[in-house]
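What you are looking at is a predicted structure, and each value in this text was computed from that prediction instead of being measured. We count residues from 1, following the sequence as given.
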Amino acid sequence: MSMFRAKKFDLGCFTNIKIIRDHSKRKAFEAAEPERQALRYIIRNTTLPMRTRAMAQLQLTQMHCYTRPTQIRNRCVMGGKGRGVLRAFKMSRYNFRMEALAGNLPGVKKASW
């Protein structure tokens with residue numbers, strides 16, 4: 001499990017354990033993605049023998065859960081919230097509003113009509 005923890009904090013903005021865990025999940029997913037795609041291709045290839053496909057299925061199920069794409073969740077880079085996150089800014093709704101009102105987001109202004 002310790003091999004999936006981030007060794008070097010390259011974001012510089014970690015505020016809580018959720019953000020650190022999400023970062024390590026993204027790193028593990030990125031490292032294992034080519035292997036996962038190869039195994040999934042073998043599993044779906046019906047021309048291969050059933051034994052080979054079963055072995056590939058077994059290898060895929062035995063991979064660490066951090067290598068699955070469903071484990072990655074968009075989180076706010078400022079507070080670590082997992083819900084209500086705007087994808088374009090990677091911020092929660094509240095933090096987005098506070099930063100926009102403070103004028104820290106270029107091109108964003110309060111709507112009035």
Side-chain angles (χ1 to χ4, degrees):
M1 182 78 161
S2 64
M3 65 186 207
F4 292 106
R5 292 205 176 99
K7 301 289 189 261
K8 181 180 174 187
F9 298 146
D10 56 355
L11 290 179
C13 62
F14 291 134
T15 56
N16 58 21
I17 192 66
K18 291 178 185 175
I19 297 175
I20 295 172
R21 190 178 303 130
D22 183 60
H23 180 69
S24 21
K25 285 180 183 181
R26 288 177 189 273
K27 290 280 191 184
F29 172 74
E30 183 183 351
E33 181 59 12
E35 184 182 354
R36 285 187 70 86
Q37 283 186 349
L39 289 172
R40 291 180 69 202
Y41 175 77
I42 292 170
I43 292 166
R44 289 190 178 128
N45 191 350
T46 56
T47 60
L48 293 174
M50 195 62 186
R51 182 174 175 83
T52 307
R53 294 171 61 201
M55 292 294 287
Q57 179 69 40
L58 186 64
Q59 282 180 330
L60 187 65
T61 56
Q62 288 178 345
M63 289 181 81
H64 197 274
C65 66
Y66 280 10
T67 62
R68 296 183 196 135
T70 55
Q71 291 288 316
I72 296 174
R73 182 168 180 88
N74 289 338
R75 292 198 169 271
C76 174
V77 293
M78 296 181 74
K81 278 187 72 162
R83 300 180 78 171
V85 177
L86 302 173
R87 286 184 186 174
F89 297 95
K90 296 182 182 176
M91 299 168 88
S92 66
R93 293 175 296 149
Y94 178 76
N95 285 331
F96 174 77
R97 186 169 190 266
M98 292 296 118
E99 293 292 315
L101 289 176
N104 297 334
L105 300 175
V108 177
K109 66 176 185 174
K110 190 170 188 233
S112 61
W113 61 92

Discussion item. Just verifying a value: how many Å separate Thr67 OG1 and Leu60 CG, rounded to the nearest 0.5 Å?
Written reply: 7.5 Å

Worksheet, complete the sentence: Nearest heavy-atom contact between Ser92 and Lys81 is CB-CD, 4.1 Å

Worksheet item: If you draw a 6.0 Å radius around CD in Gln57, do more than 12 non-hydrogen atoms from other residues or ligands fall strictly inside?
Response: yes

Discussion item. Taking Arg26 first and then Asp22, would you say they form a salt bridge - that is, a charged N and a carboxylate O separated by under 4.0 Å?
Written reply: yes

Fill in: Criterion side-chain contact (heavy atoms from CB on, under 4.5 Å) on Tyr66 and Arg21, from CA distance to verdict
CA-CA 10 Å; Tyr66 280 10; Arg21 190 178 303 130; 3.6 Å; yes

Worksheet item: Once you round to the nearest 0.5 Å, how far does CG of Leu48 lie from CE of Met55?
Response: 13.5 Å

Fill in: From Ile42 atom CD1 to Thr52 atom OG1, the distance as rounded to the nearest 0.5 Å
8.0 Å

Discussion item. Rounded at 0.5 Å granularity, tell me how far CD1 in Ile43 sits from CZ in Arg36.
Written reply: 9.0 Å

Discussion item. Please report the interatomic distance CZ(Arg53) to OH(Tyr41), rounded to the nearest 0.5 Å.
Written reply: 11.5 Å

Practice prompt. Take Glu33 and Phe29 through the side-chain contact (heavy atoms from CB on, under 4.5 Å) test and state the conclusion after the steps.
Written response: CA-CA 6 Å; Glu33 181 59 12; Phe29 172 74; 3.0 Å; yes

Response to the item:
Closest non-hydrogen atoms of Gly79 and Cys76, given as atom of the first, atom of the second and distance, are N-SG, 3.4 Å

Discussion item. Run the side-chain contact (heavy atoms from CB on, under 4.5 Å) test on Met98 and Asn104 for me, step by step, so that the C-alpha distance in whole Å, both residues' side-chain angles and the decisive distance to 0.1 Å come before the verdict.
Written reply: CA-CA 9 Å; Met98 292 296 118; Asn104 297 334; over 6 Å; no

Practice prompt. Rounded to the nearest 0.5 Å, what's the gap from CZ on Arg68 to CE on Met63? Could you check?
Written response: 10.0 Å

Worksheet item: Is there a path of hydrophobic side-chain contacts, each under 4.5 Å between heavy atoms of I, L, V, M, F, W or Y residues, that connects Phe96 with Leu101?
Response: no

Worksheet item: Would Leu86 end up clustered with Val77 when hydrophobic side chains under 4.5 Å apart are linked, directly or stepwise?
Response: yes

Worksheet item: Shortest non-hydrogen contact from Ala100 to Val108?
Response: CB-CG1, 3.7 Å

Worksheet item: Among Arg83, Lys90, Arg87, whose side-chain contact (heavy atoms from CB on, under 4.5 Å) with Asn74 holds?
Response: Arg87

Worksheet item: With hydrophobic residues grouped by side-chain heavy-atom distances under 4.5 Å, do Met78 and Val85 end up in a single group?
Response: no

